[in-house]
Amino acid sequence: MNHEYEALDAVATAALVRSGEVSALEVVESAFERLHTRNPAINAVIDVWEDEALERARSGVPMGLLAGVPFLLKDTVDYPGRRFARGSRLRMDVMGTAVDPWVASMQAQGAVFIGKTNTPEFGLMDVTEPLAFGPTRNPWRTDVASGGSSGGSAAAVAARITPLAHGSDGGGSIRYPAACCGVFGFKPSRGRTTLSAPAFDARLHSVVTSHVLTLSVRDSALAFAIAEASRQYPTNTTVKPLVHEPVPRKLKVALITRTLHGGPLAGAFEVAMMRAAELMRSLGHEVVPCDWPIDAPGLHAAFFDRWAYSVHHEFADMPVTQRQLLLEGIEPWTLGLAQAGAALSPERVEAMVQSCLKASAQMEQFHREWDVLMTPIAAEHPVLVGHHAPDLDYTTLHERVSRNVAFTPLQNITGQPGMSVPLDWAQDGLPVGVHFAAGINSDDMLFQLAYQLEAAQPWTQRRPPAFLKEHQ
């Protein structure tokens, strides 16, 4: 069953379990076989729940839309009785106490959680190399980073350990690792699938949204539908019809390749964007080169101010003793962000808030004219393991991270949906994702476009070379 299972997405796997053709136990055992064989090379899964998962599969799972599907959780989400380290050495003994509502919605449909995936400390980096657990390596080439902060989940899905895995996105943290690892990554509109808690300012909301990284578009659409139904009707397990068809109309697409900060773009992304534009036009869409309708450099700077201030604000709310212990033991990158946030003047914080609010309004106006925004996913390709190591000095890291994170934070600020679609592979054999975004609550239309792109240029048959050898 092992190789047969890994060729299936979550939708197909659950259908087999519901039909009785295979058992949940067979499927979950198959996932653990791959985990034990493949994870040592990539370090994607840092907490393995084998005994509990096998017992759950053996004793029976709900015959829902995810019946028997092995599922991995990013280590930024709570789960009772399991380690909740959030990528930090200071939390190695912290245990989860509650079932996150998003997690509960997946479990109610029959998902079987088999472990937790690696993440940078507190999810604050564009690579996944926490000092607590070590780096997650890219299945396509293990000297290359898997991206962050959902890099463990992206690598696990790319290695076919599970067909889907939980991720969270606060600045591109689903979309960027999906692009690095050649899988599909979707960031929902703010509030569609998870609660959007107020941020440090009442005029702003959290930039972070939970969703999944997947092999297929329909798996992502399924998880979206499950989470949204649970979010709207917590006591009802009925899920509304899924988005399951290609986009039915011609789209007006704005193509922007200039980085938010105005710096250089890697040649691999330039080539990928040219090819993606050709593909979109061949599908009947209008693709027009454009420029940013916002103060792009100003917003880029505001996002990093917001990132730093959010870290400072989170620590500032802690009791003094707890805060002091934390600040003495966290990674240099996290400490640097907290100190940078603390140093922001009230005037600069207000300017950051106004920049975010203005950009949100401008981008909603922009999407009244343009159905879709198409951009690169990042500025650099590839990022080697260690280049963004969290124990480097803060000034060096800030320069490197801010140079690379050059497109995706916009949708976290505006609350609009975005997705990374694995449409291209560079000459070095590494995946190159293409980023698509749309107006607030245009998630269904983005999924429809993703279905169309998946049919026109399939990617699920492409597998990392190291794992192809197992089939030979």
Side-chain angles (χ1 to χ4, degrees), residues 126 138 140-141 144 147 158 172 175-187 217 246-247 249-294 296-297 300 363 366-367 369-383 403-411 416-438 445-446 448-462:
D126 64 338
N138 196 315
W140 292 88
R141 209 178 82 195
V144 171
R175 292 162 288 161
Y176 177 55
C180 292
C181 295
V183 299
F184 181 69
F186 192 96
K187 185 203 86 70
V217 174
V247 63
R249 62 184 176 90
K250 172 183 174 181
L251 299 176
K252 189 174 181 183
V253 181
L255 171 63
I256 298 179
T257 57
R258 184 167 68 90
T259 60
L260 286 170
H261 51 62
L265 180 68
F269 284 112
E270 293 178 353
V271 172
M273 296 308 298
M274 178 185 67
R275 292 173 177 165
E278 292 173 355
L279 175 62
M280 290 287 285
R281 291 183 179 114
S282 74
L283 295 172
H285 304 300
E286 179 186 5
V287 180
V288 181
C290 295
D291 203 352
W292 294 109
I294 58 173
H300 187 258
M363 289 307 299
F366 176 81
H367 280 296
E369 178 181 359
W370 300 95
D371 296 307
V372 173
L373 168 64
M374 185 167 73
T375 72
I377 200 76
E380 297 184 337
H381 177 88
V383 176
R403 185 172 65 229
N404 185 46
V405 181
F407 295 95
T408 53
L410 176 59
Q411 287 70 40
Q416 296 168 332
M419 63 183 184
S420 176
V421 185
L423 291 179
D424 206 72
W425 267 255
Q427 288 184 341
D428 58 11
L430 292 171
V432 185
V434 177
H435 189 241
F436 299 86
M445 184 265 290
L446 275 188
Q448 289 177 331
L449 174 59
Y451 276 120
Q452 187 179 45
L453 293 169
E454 183 181 40
Q457 198 160 294
W459 57 79
T460 56
Q461 78 280 7
R462 303 189 71 144

Listed once per pair and sorted, the salt bridge (Lys or Arg N to Asp or Glu O under 4.0 Å) pairs that draw on residues 449-461, sequence neighbours left out: none
Quick one: does H300's side chain have a donor or acceptor within less than 3.5 Å of a partner on V405's backbone? yes
Using side chain to side chain contact (heavy atoms under 4.5 Å, CB included) as the criterion, point out the one residue from L279, L449, D371 that pairs with H285. L449
According to side-chain hydrogen bond (donor to acceptor under 3.5 Å, both in side chains), who are the partners of H367, at least two apart in sequence or on a separate chain? none
By salt bridge (charged side-chain N to carboxylate O under 4.0 Å, His left out), K252 pairs with (sequence neighbours left out) E369
Quick test of your reading: applying salt bridge (Lys or Arg N to Asp or Glu O under 4.0 Å), list the pairs with at least one residue in residues 175-187, sequence neighbours left out, ordered by first then second residue. D169-R175
Looking at I377 and Y176, what are the two nearest heavy atoms and their distance? CG1-CA, 4.1 Å
Set of residues satisfying side-chain contact (heavy atoms from CB on, under 4.5 Å) with respect to A379, sequence neighbours excluded: T259, H261, A406
Considering only heavy atoms from C-beta outward, does the side chain of N138 approach that of C180 to under 4.5 Å? yes
Among residues at least two apart in sequence or on other chains, which ones pass side-chain hydrogen bond (donor to acceptor under 3.5 Å, both in side chains) with Q448? none
Could you check if a side-chain atom of F184 sits within less than 4.5 angstrom of a side-chain atom of L453, using non-hydrogen atoms only? no
Mind jotting down which residue pairs meet the salt bridge (Lys or Arg N to Asp or Glu O under 4.0 Å) criterion with at least one end in residues 273-289? Sequence neighbours excluded, please. R275-D424
Yes or no on side-chain contact (heavy atoms from CB on, under 4.5 Å) for L373 and M363, after CA distance, side-chain angles and deciding distance? CA-CA 10 Å; L373 168 64; M363 289 307 299; 4.1 Å; yes
Look at the side chain of W292 and the backbone N and O of R258, then say whether any donor-acceptor pair between them is shorter than 3.5 Å. yes
Please find the pair of heavy atoms, one from I256 and one from P376, that lie closest to each other, and give the distance. O-CD, 3.3 Å
Atom of P382, atom of D428 and distance for their closest heavy-atom approach: CD-OD2, 4.2 Å
Which pairs, with at least one residue in residues 373-382 and sequence neighbours excluded, count as a side chain to side chain donor-acceptor pair (under 3.5 Å)? T375-H435, E380-R403
